[in-house]
Amino acid sequence: MKATTKDAYKLMHDGAIALSQMEANGICIDVDLLEKTTVKVAKKIKTIQEELEKDELWKEWLKVYRKKANMGSRYQMADMLNKVHGFTKSTQDPKKKLSVDEKALLELDIPFIKRYLRMEKLKKLHSTYLKGIYREIVDGLLHPSFNLHLVRTGRSQSNLPNFQNIPIRDPKIGKLIRSCFVPRAGRVLVEIDFGSLEVRVSCCYNKDPALIEYIRDSSKDMHRDMAMECFMLPQEEVTKEIRFYAKNQFVFPAFYGSYFGQMAPDLWESVTKTKLITVSGLRLVDHLKNKGIKRLGIKDDVRPRTFMHHIREVEENFWGERFPVYAQWKWDWWKEYQKKGWFQSLTGFRELGVYAKNDVVNHPIQSSAFHCLLWSLIETQHWLNRNKMKTLLVGQIHDSILADVPENEIEKYISHVIEVTTVDLPSHWRWIIVPLEVEVETSSTNWWEKQKVKV
DNA sequence: TACTTCGGCGCC
DNA sequence: AAAGGGCGCCGAAGTA
């Protein structure tokens, strides 16, 4: 990726400096709590492992693998499940080793698996997060690296430790680790996130009027609307959870270039494996049954009255009727690249070389979205320096900034960042043709307890 | 023992 | 027409 203008170069130059200041600042860790949590989690892992060792499956396992038996080995696990329970994955590539990820394992409904997966989650927490973070602490502070020059799409990456993948979605796991991230004494953590930044930036490329309208009109809700279509529900029957699945297993995958053959099985699994229910308490499986859809079907031979068929129609409608301008942009952008051999982002970075279609349409959106964050971060850091403020920027996660802020600077800091992100940024880059929004969260205790702030 | 590759899984 | 974008870190297993 190459900067084509002075401004594009300057973004990298100033960005690298701002990020290095962030690295030097570091984020405060409650080391005592981290140590206690590590011991607690290790004990829990041991307890579960001992329970699992009483299982018949493990006794068979010992007979087969003897001294080499290792519960942490997914390969052995697959082999034993196959031997004892006749397990084979439904969508297995015959040329590959039998896969045993969480999804495959959940196809088996046996108690051993439930416990095993709970233990694996705790092991991930223990090794990657609790121990991995502990290892990097210096004088109570963690200094993750943030690099600008390594990611193909122009985003940043973070390592030693990676600050950009600390658990949050699983509430039990998220709480255990994020509670260890604390503000310095007398301060609060303030996290400011752009709302739906990539979708907004995509509008600036594709200029699809329907998509722009979803952004401009806050009473409209794209994910709710797609939940209605995917699950054949009236608006008032869509729960938050149903909307969540439509968003993460249809809308985003579709935007990133997925298709019904991939999306329908994922959605179907959510419908059948998690007990999704509608607002009035009907199970979603039964609701779809009432609508005449009783099975998933297969992608290579799509039959009417299957979920596969239904999602194929939803997808056709999504690109053909709902967002045709976006679909056309993707096509034109791709054709243009094929002609020239390169494509260029709105922030002035050019990618020259051999790329797949999904890369060509996704990279510029992802990079420009990150550049919005980077520009805001640079501006904010410069302002903090100029005004000799005590606020410290301590972390960045693609579309959000985490700061450690003294009590008496909270209001000033928040209102300034809002100004930078929602006013200064769109006036600096005139290609930003949709409003930008941010969400502010603060906590005086730790990173898990952050609470939304009305702005 | 040291290193690499792979599958798996954490985040946006 | 083809068919999900981007990362880093871990343990297991294979290789030198």
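Chain A is the first sequence line, chain B the second, and so forth, proteins listed ahead of strands; every chain is numbered from 1.
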Atom pair distance, as rounded to whole Å: NE2 in A/His398 and C1' in C/dC7: 6 Å
Check nucleotides 2-6 of chain B for protein N or O atoms closer than 3.5 Å to its own N or O atoms and list the pairs.
none

Choose from B/dC12, C/dG4, C/dC7 the nucleotide whose nearest atom is closest to any side-chain atom of A/Arg152. C/dC7
Mind checking if A/Ser158 touches a base, just sugar-phosphate, or nothing, with heavy atoms under 4.0 Å? sugar-phosphate
A/His126 NE2 to B/dG10 C1': how many Å, rounded? 17 Å
Determine, for A/Asp301 against A/Arg303, whether the closest basic-nitrogen to carboxylate-oxygen distance falls under 4.0 angstrom. yes
Heavy atoms under 4.0 Å, any strand shown: does A/Arg155 hit a base, just sugar-phosphate, or nothing? base
Ignoring backbone atoms, establish whether A/Arg74 has a side-chain N or O less than 4.0 Å from OP1 or OP2 of B/dC9. yes
Does A/Ser258 use its side chain to pair, donor to acceptor, with the backbone of A/Gln262 at less than 3.5 Å? no
Can you figure out which of C/dA3, C/dC9, C/dA13 approaches the side chain of A/Gln76 most closely? C/dA13
Is a donor on one side and an acceptor on the other found under 3.5 Å between the side chain of A/His363 and the backbone of A/Thr153? no
Are any of A/Arg135's side-chain N or O atoms less than 4.0 Å away from OP1 or OP2 of C/dC10? yes
Which is true for A/Pro167 with a 4.0 Å heavy-atom rule: it touches a base, it touches only sugar-phosphate, or it touches nothing? sugar-phosphate
Applying side chain to side chain contact (heavy atoms under 4.5 Å, CB included) to A/Tyr65 and A/Glu60, what does each step give before you reach the verdict? CA-CA 9 Å; A/Tyr65 283 92; A/Glu60 289 298 314; over 6 Å; no
Does the pair A/Lys124/A/Glu120 count as a salt bridge with the N-to-O cut at 4.0 Å? no
Nearest heavy atoms of A/Gly140 and A/Val31, plus distance in Å: CA-CG2, 4.0 Å
So what does A/Gly261 hit on the nucleic acid, given a heavy-atom distance under 4.0 Å: a base, only sugar-phosphate, or nothing? nothing
A/Tyr256 aromatic ring stacked with six-membered ring of C/dG4, 5.5 Å and 30°: no
